[in-house]
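To start, the structure itself, in structure tokens.
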Amino acid sequence: MIKTETAYRRAKEKLKDHKAYIVNEKLRFQSMGLSKEQTSHAIQPLLAFKDELAEEIHNYEMIKQGTFFPVQNIMELGKNLIAHRIYLNLSQAELAKRLGVSEAQVSRDERNEYEGATTEKIQSVMNALGLKTTIHIEMAVG
């Protein structure tokens, strides 16, 4: 998950560079005499990486526009908090200031997507972001 504007810009540049690299690798494999099928097979991991990076960029752009994925599992709550911080155009440093903690602490928490965070910490982050939540718990089917 892309968590900062800097990481977003780096990801976009990396995607551009990676697309050029794929083109060059195709040409290199073809010049080695590999068939289209062999070349396609050889670049498959490169294409998978490109697609994954493009999806991360797309998700970040959707978050910036205010499109959030519903939390289906409590373990996804951290990603949702990060998404709201991004949408609010709030830097990790600004969130840290609101929380009264170091920027390094917020960075660590977000790197781990708030895994293992106490309910108090989650509530503090939600308060700092101006968020509220309603939890609906239901029986799992099956």
Side-chain angles (χ1 to χ4, degrees), residues 1-99 101-119 121-142:
M1 177 180 192
I2 297 172
K3 297 176 177 100
T4 65
E5 276 296 311
T6 301
Y8 170 68
R9 286 191 301 274
R10 273 186 278 167
K12 285 190 72 157
E13 189 63 33
K14 189 172 191 172
L15 181 60
K16 181 180 150 194
D17 292 346
H18 194 69
K19 285 178 179 179
Y21 179 70
I22 290 170
V23 169
N24 288 334
E25 284 297 277
K26 270 184 170 179
L27 294 172
R28 186 173 72 86
F29 289 138
Q30 290 169 352
S31 73
M32 293 170 54
L34 271 65
S35 69
K36 280 188 178 185
E37 184 178 304
Q38 290 169 320
T39 298
S40 177
H41 183 71
I43 64 165
Q44 194 58 44
L46 299 175
L47 294 173
F49 176 78
K50 176 189 70 75
D51 292 345
E52 185 178 313
L53 188 54
E55 183 176 345
E56 284 189 35
I57 290 168
H58 174 74
N59 288 344
Y60 184 84
E61 291 169 345
M62 295 302 291
I63 289 166
K64 290 290 283 184
Q65 295 174 19
T67 301
F68 302 97
F69 300 103
V71 176
Q72 299 289 331
N73 177 318
I74 200 74
M75 300 305 287
E76 297 171 355
L77 185 57
K79 285 183 182 180
N80 197 274
L81 293 175
I82 297 164
H84 277 85
R85 178 191 57 76
I86 291 166
Y87 172 69
L88 293 169
N89 203 29
L90 200 66
S91 70
Q92 289 179 337
E94 291 166 323
L95 177 57
K97 187 175 180 179
R98 289 185 183 188
L99 292 169
V101 299
S102 70
E103 183 179 350
Q105 180 62 54
V106 170
S107 179
R108 271 191 304 276
D109 289 340
E110 287 195 358
R111 185 173 38 254
N112 296 320
E113 296 177 349
Y114 292 96
E115 185 177 327
T118 64
T119 53
K121 179 178 271 191
I122 296 295
Q123 189 60 57
S124 293
V125 173
M126 290 181 65
N127 291 344
L129 295 174
L131 302 175
K132 67 176 188 165
T133 188
T134 302
I135 298 175
H136 176 79
I137 300 174
E138 59 188 53
M139 296 297 292
V141 178

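Everything numeric here is computed off the predicted structure, so don't read it as measured data. Side chains included, hydrogens not; waters and symmetry mates left out as well; all remaining heavy atoms used.
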So, for [X] and [Y], which heavy atoms are closest and what is the spacing to 0.1 Å?
X: His136; Y: Glu138; answer: NE2-OE1, 3.0 Å
X: Ile2; Y: Ala11; answer: CD1-CB, 3.7 Å
X: Tyr8; Y: Glu61; answer: OH-OE2, 2.5 Å

I need the [X] [atom1] to [Y] [atom2] distance, nearest 0.5 Å.
X: Ile122; Y: Leu77; atom1: CD1; atom2: CG; value: 5.0 Å
X: Gln92; Y: Thr6; atom1: CD; atom2: OG1; value: 9.5 Å
X: Glu56; Y: Tyr60; atom1: CD; atom2: OH; value: 12.5 Å
X: Lys12; Y: Ile57; atom1: NZ; atom2: CD1; value: 7.0 Å
X: Tyr114; Y: Ile82; atom1: OH; atom2: CD1; value: 6.0 Å

Check your understanding: After noting the C-alpha distance and the side-chain angles of Glu94 and Ser91, does the key distance pass the side-chain hydrogen bond (donor to acceptor under 3.5 Å, both in side chains) rule?
Key -> CA-CA 5 Å; Glu94 291 166 323; Ser91 70; 3.3 Å; yes
Check your understanding: With the threshold set at 4.0 Å, does a side-chain nitrogen-carboxylate oxygen contact exist between Arg28 and Glu25?
Key ->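 Yes, charged N to carboxylate O under 4.0 Å.
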Distance-only donor-acceptor pairs under 3.5 Å for side chains of residues 123-135, two or more places apart:
unit_1, atom_1, unit_2, atom_2, d
Gln123, NE2, Asn127, OD1, 2.9
Ser124, OG, Glu120, O, 3.0
Asn127, ND2, Gln123, O, 3.4

Return a table of donor-acceptor pairs under 3.5 angstrom between the side chains of residues 44-51 and protein atoms on other chains or two or more places apart.
none

Practice item. Please check if the side chain of Thr39 supplies one atom and the backbone of Ser35 the other of a donor-acceptor pair under 3.5 Å. Key: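 Answer holds: yes.
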Practice item. Applying side-chain contact (heavy atoms from CB on, under 4.5 Å) between Ile63 and each of Met1, Lys3, Lys79, report the one that passes. Key: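 For Ile63, the side-chain contact (heavy atoms from CB on, under 4.5 Å) check succeeds only for Met1.
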